Amino acid sequence: MEYNFREIEQKWQEFWQKNQTYKVDMDASRPKFYVLDMFPYPSGAGLHVGHPLGYIASDIYSRFKRLQGFNVLHPMGYDAYGLPAEQYAIQTGQHPAVTTEKNIARYREQLDKIGFCYDWSREVRTCNPDFYKWTQWAFIQMFNSYYSLPPTPSTRGGAKPISELIAHFQQYGTEGANAACGTELSFTAAEWNAKSEKEQRDILMNYRIAYKADTMVNWCPALGTVLANDEVSEGVSVRGGHPVEQKVMSQWSLRVSAYAQRLLDGLDTINWTDSLKETQRNWIGRSEGAEITFHLSPNPSPQARGTNPKGNFKPTTNAHNWKLLIEIAKELRSNQTEAEAILWEEVRAGKIGYKIRRQHIVDGYIADFINLEKNLIIEIDGGVHLTPQQKEKDQQRTQILNDFGFTVIRFTNEEVKADPKLIASKIKAKLDELPSMQSAPLPCGEGSGERSENQGEVVVFTTRADTVFGVTFMVLAPESSLVAQLTTSDQKQAVTDYLVATKKRTERERIADKRVSGVFSGSYAINPLTGDAIPVWISDYVLAGYGTGAIMAVPAHDSRDYAFAKHFDLPIVPLIEGCDVSEESFDAKEGIVTNSPAPGKEMEDGLVLNGLTVKEAIAKTKQYIAEKGLGRVKVNFRLRDAIFSRQRYWGEPFPVYYKEDQPYMLDESKLPLELPEVDKYLPTEKGEPPLGRAKNWQTEDGFPLELNTMPGFAGSSAYYLRYMDPHNDKALVDKNVDEYWRNVDLYIGGTEHATGHLIYSRFWNKFLFDLGIVCEEEPFKKLINQGMIQGRSNFVYRIKDTNTFVSLNLKNQYDVTPIHVDVNIVSNDILDTEAFKNWNPEYKTAEFILEDGKYICGWAVEKMSKSMFNVVNPDNIVERYGADTLRLYEMFLGPLEQSKPWDTNGIDGVHRFLKKLWSLFWKEDSLLVTDAEPTADELKALHKLLKKVKADIENFSYNTSISAFMICINELTSLKCSKRAILEPLVVTLAPFAPHVAEELWHALGHTTTVCDAQWVEADEKYLVENTATYAISFNGKVRYQMQLPADMPTAEVEAIVMKEEQSQKWLEGKTPKKVIVVPKKIVNIVL
RNA sequence: GCCCGAAUGGUGGAAUCGGUAGACACGCAGGACUUAAAAUCCUGUGGCCAUUACGGCUGUGUGGGUUCAAGUCCCACUUCGGGUACCA
């Protein structure tokens, strides 16, 4: 009997289907094991040989576990929503549901041919309403939840109903609320209760886990849509080349950042590769540091006013006194005189038509009242001002202030108390007559009732608090809200130009680009530790989304700051003893601190870091700024909230409607909210997303429904739970079912998901865990990354301007153009010239210059893609060699995790292996299997294999286990062994790898039930004992000859024998060895 | 730019804990069988130099280092692949 793989494979695939061999049910009597593949996106191109790589690996593992007695859940489904289907729909007008359905059918057909042990009764598709119902349901739960932060570091926070937060606000306001939020708010219970429903809902958005907020997007007006960074290059869309700009858009987001610490901590509990965990750790990006507040220099500097040339300016505020004065000003504000209090009531909140501030610092003085628009200072004098000395001092002071461009008017306490309204009107009259100052006023100090804490200061986050003495400038992100506030009128044009330029660049371009760009805002800030005034710049190397959107620049110790400082000629102050910053910054966190403070700039009660190590200095600075109220110690995460809206058609609709512009959730009974039909898959004329085209896209009560849809990761975030209980319409997953299957024991998929899907689904699962829906906090216990299969392209070489093609090794004699040729008409790099002529009409008349009668093609490793003509379909391979050969060959190619090019060339080897295996059983039509007793050699060959294969499967080193099979079959073939006692365990061991041929041979051996339910055979060490060992005898590390010695010979004896050995004498050259090293059973090294 | 991987014959790869580099397979060369081809089987196959040898030298991307011993550990670099937040 021939090894007829086509017949065999078809027969057993039908058998498995008929017997429902792969159907799985809960079974409390057996331990569970859940093996999951990352489900595919069903693209129009069909499955290529790269896809099954991971599926085969997981299939082998599933079958192996089943042989070991586990109840194995191994499902498959489709990630069916996505951009390519939508793009195709836009181009062809075909409904994406139709093309997706077609693609899925093709995928399924291809998958079925490979003989996977999936339980297809559990299939899920993310685009099915009964699946996305639960995606929508989870979204509603997230909207109705907030994240309760842990009150102490040792306790843990979690998602809680938003109603609990509302109850807290009603009773206590924000005090003690401890909720993760977007911006920190502060209000009392009374204030909360006084707010309208709309105001309350607006505030709650700041706390919900699914919330709507303004975010920056790449907006392409011409396409009417938002683009990924991928789709934008040099400020224009990759598709069509239309201009793209950064735009603010209100979008749904998920508060993933609230889970940052738990996502980080959870990594320690799961069995993933270190590199993948490291990637996630970096992505989450926890940094411990400090937030430091830099107050703005309160009045425009001469430079900003244009009176001093650059480089020769003098800050108007007496910078060294700033820190001191701000404290006094605060104190004065709370201890103001009676007259000041009375007048304040008359002029505050713009009552006289001008904005008046009080206790404002100007130069070395604190002005009682000030209007910055017209630079008017109003002083209220008490009794002391009447003495002649004081009068003189006041005169001097007035003079100085006049020099800075201020007008000063004075009133006495008595005048104010007598008629405050009169004084107020006098002030107004004075203001009316004064001209407006050229420079825009700096908002600083007292506001007029609105939230004003952040006005007049820049808060930065730094992990290098120790470098605060080396801060020589500050940089704001272009998107920072402070930019508008801090830009002086002189700089307005330059800043505006810069912002326009930046708007064209995507975030990635900004990060990747080393070119330095930036613009001076015109304003100065005060370094709280040195009192120095430092310029505030704007540059796109600072990102709004990270930290506070502003940095303190320390050019001596940060390379980006260094490049910026060099470019704009800003000072660089080294802070580490002995470091050289003439060529580059010193970024390392090591060394002894100096220049902190610089000699001669010490302040009384000031911070001194000199002489400390960097580590000590960081700790000391943190402590200092916390104590002095200059900032606070803070943990910052790089992980951002996930933007959850897409302006697309082909995605899950949001279960959201709008009433008076406020989003509300649909009632759960209305789920699923099904995706409506639209006439075109394009944005509307108004620029709304495609759902804006849907008719009657509203609730029963007539409220409009959300027009955005959910992103790609929505459906993939909890699909592994749905497989457990795929037909449940009462719950995402039944509690008992979840408690049986718990979580995924083995997850196989590509590294490209490391920071997307694998973060989001961990977040999603933790959220469900907090709600008590699932019993495990981590979804994927063990994760293996499969490498990418790259394409191996073939080339033919056309002689220029002819239709003649020259073989690879002769091409240098001609002027040729390499042309991609379909790899499917090339075999072992030899072109099928007839097939080539028929491949493309253009080549119908092609002529060839051959070498040795063959046309040899060139080759290169490239991405597997249609345009390179290097796509290899698994169907073709299955047709030619069978599924078992494909399975073995994919695994034989190399280590699972490594990327490698697909090259069909080697496939004959594994096919030959299967034929050799077959010929151990069959010679023509007679079965060779006997019941004779196996010999020691035969048993050794088998048990070597059993041991190796088990260890290899557990290490996912499938390529070496296939080598082991080949070695074993080669040995058994030369031993002419066809004994049942050997072949039966061999078949069971092979069954996970090549299930069809194993099933066939299993039945040939007389079994009537499936080999899938056979029992795994364990290796027995007693057959593997070696009596002798081969020693490599080396001199100075170079192996010179080999020697067989008893395996249990003591090392001293080995040494003695080797030294006496004749061959050793030659290498010893009469010398006495300095040292002899004997490694038992391995090597002897003689050092001369 | 930043983060994570990878690099070994003509090719895919092996070497599991620092101990004989190249297992296994492809390809290639030579041979057997055959009218011939396919299939199958046998032999050889990292490079260089010798072939009188059961011979010598060299060799795991590059340059250094640690060690009796380095593909494996350390430092610096080169090239390639993946990710970089709206491809999936």
Side-chain angles (χ1 to χ4, degrees), chain A residues 38 40-41 43 79 81-84 87 217-218 225-231 251 273-276 278-279 281-283 285 507-508 510-514 541 545 559-560 638-643 645-648 711-713 716 750-757 759-760 785 787-788 790 792 828-829 859 861 863 889 892-895 897-910 912-913 915-916 919 951-952 955 957 959-960 962-967 970 1030-1042 1063 1073-1077 1079 1081-1088:
Chain A
M38 290 185 189
Y41 174 78
S43 82
D79 187 12
Y81 275 134
L83 219 46
Q87 209 52 50
V217 296
N218 300 317
T225 190
V226 174
L227 299 175
N229 285 332
D230 252 14
E231 301 174 288
Q251 307 224 69
T273 60
D274 288 339
S275 68
L276 184 55
E278 191 60 19
T279 302
R281 282 193 192 104
N282 290 332
W283 187 260
E507 197 172 75
R508 199 189 307 170
R510 284 167 52 176
I511 300 166
D513 200 343
K514 275 188 123 177
Y541 81 94
S559 42
R560 289 159 309 173
R638 203 183 75 99
L639 182 71
R640 302 205 290 250
D641 287 347
I643 299 173
S645 303
R646 298 290 181 267
Q647 294 69 45
R648 315 276 190 198
F713 66 84
S716 58
T751 35
E752 67 271 22
H753 299 288
T755 53
H757 164 62
I759 288 268
Y760 295 131
N785 284 126
M788 306 263 289
Q790 294 151 310
R792 186 181 188 275
N828 288 334
D829 291 337
W859 62 273
V861 172
K863 210 176 146 153
Y889 186 56
F892 186 64
L893 267 180
E897 329 79 65
Q898 237 168 70
S899 291
K900 56 234 154 192
W902 176 269
D903 181 358
T904 312
N905 283 348
I907 200 164
D908 288 323
V910 289
R912 252 170 235 160
F913 154 74
K915 285 204 229 170
K916 274 190 203 170
S919 59
D952 281 351
N955 289 315
S957 175
N959 55 330
T960 52
I962 291 164
S963 297
F965 276 114
M966 290 172 169
I967 293 167
N970 288 346
T1030 307
Y1031 278 86
I1033 315 301
S1034 54
F1035 294 80
N1036 284 339
K1038 286 189 181 177
V1039 176
R1040 295 304 179 181
Y1041 67 97
Q1042 277 152 32
Q1063 290 188 77
K1074 284 188 193 132
K1075 203 185 212 182
V1076 177
I1077 288 131
V1079 181
K1081 294 186 210 175
K1082 283 196 174 134
I1083 202 164
V1084 179
N1085 191 16
I1086 296 149
V1087 186
L1088 297 173

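As the structure is a prediction and not an experimental result, all values here were calculated from the model. In what follows, chains are A, B, ... by sequence order, proteins preceding strands, each numbered from 1. Scope of the values below: all heavy atoms of this structure, side chains included, with no hydrogens, waters or symmetry mates.
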N/O to N/O distances under 3.5 Å, protein versus nucleotides 64-72 of chain B:
unit_1: B:C68; atom_1: O2'; unit_2: A:N1085; atom_2: ND2; d: 3.2
unit_1: B:C68; atom_1: O2; unit_2: A:N1085; atom_2: ND2; d: 2.7

Table of protein N/O atoms under 3.5 Å from nucleotides 4-6 of chain B N/O atoms:
none

Atom pairs under 3.5 Å: protein N/O with N/O of nucleotides 23-26 of chain B:
unit_1: B:A23; atom_1: N1; unit_2: A:S963; atom_2: OG; d: 3.4
unit_1: B:A25; atom_1: OP1; unit_2: A:N970; atom_2: ND2; d: 3.0
unit_1: B:C26; atom_1: OP1; unit_2: A:R912; atom_2: NH1; d: 2.4
unit_1: B:C26; atom_1: O2'; unit_2: A:N905; atom_2: O; d: 2.9

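As rounded to the nearest Å, B:U62 and B:U78 have C1' atoms that lie 7 Å from one another. Between B:G19 and B:C73, the distance separating the two P atoms is 11 Å to the nearest Å. A gap of 30 Å separates the P atoms of B:C4 and B:U11, to the nearest Å. Comparing B:U72 with B:U8, their P atoms are spaced 13 Å from each other, to the whole Å.
The base of B:C86 sits within donor-acceptor range of the side chain of A:Q647, with an N or O pair under 3.5 Å.
For B:G10, the paired base is B:C26 (Watson-Crick or G-U wobble, both distances below 3.5 Å). Under the Watson-Crick or G-U wobble criterion, with both distances below 3.5 Å, B:G59 has no partner in any strand shown. In a base pair of the Watson-Crick type (N1 to N3 plus N6-O4 or O6-N4) or a G-U wobble (N1-O2 and O6-N3), with each distance short of 3.5 Å, B:C41 is matched with B:G31.
Distance from the side chain of A:E752 is smallest to B:G83 among B:G13, B:G83, B:C86. Distance from the side chain of A:W283 is smallest to B:U84 among B:C86, B:U84, B:G19. In the set B:U84, B:U20, B:U11, the nucleotide with an atom closest to the side chain of A:R508 is B:U84.
Within 4.0 Å of A:P895, counting heavy atoms only, lie sugar-phosphate atoms of the nucleic acid but no base atom. Residue contacts for A:R638: at a heavy-atom cut-off of 4.0 Å it reaches a base atom on one of the strands shown. A:T1030 comes within 4.0 angstrom of a base, heavy atoms only.
Under a 4.0 Å N-O distance rule, the pair A:E507/A:R510 does not qualify as a salt bridge.
Using bins of under 30°, 30° to 60° and over 60° for the plane-to-plane angle, the ring pair A:H753/A:H757 lands in the perpendicular bin.
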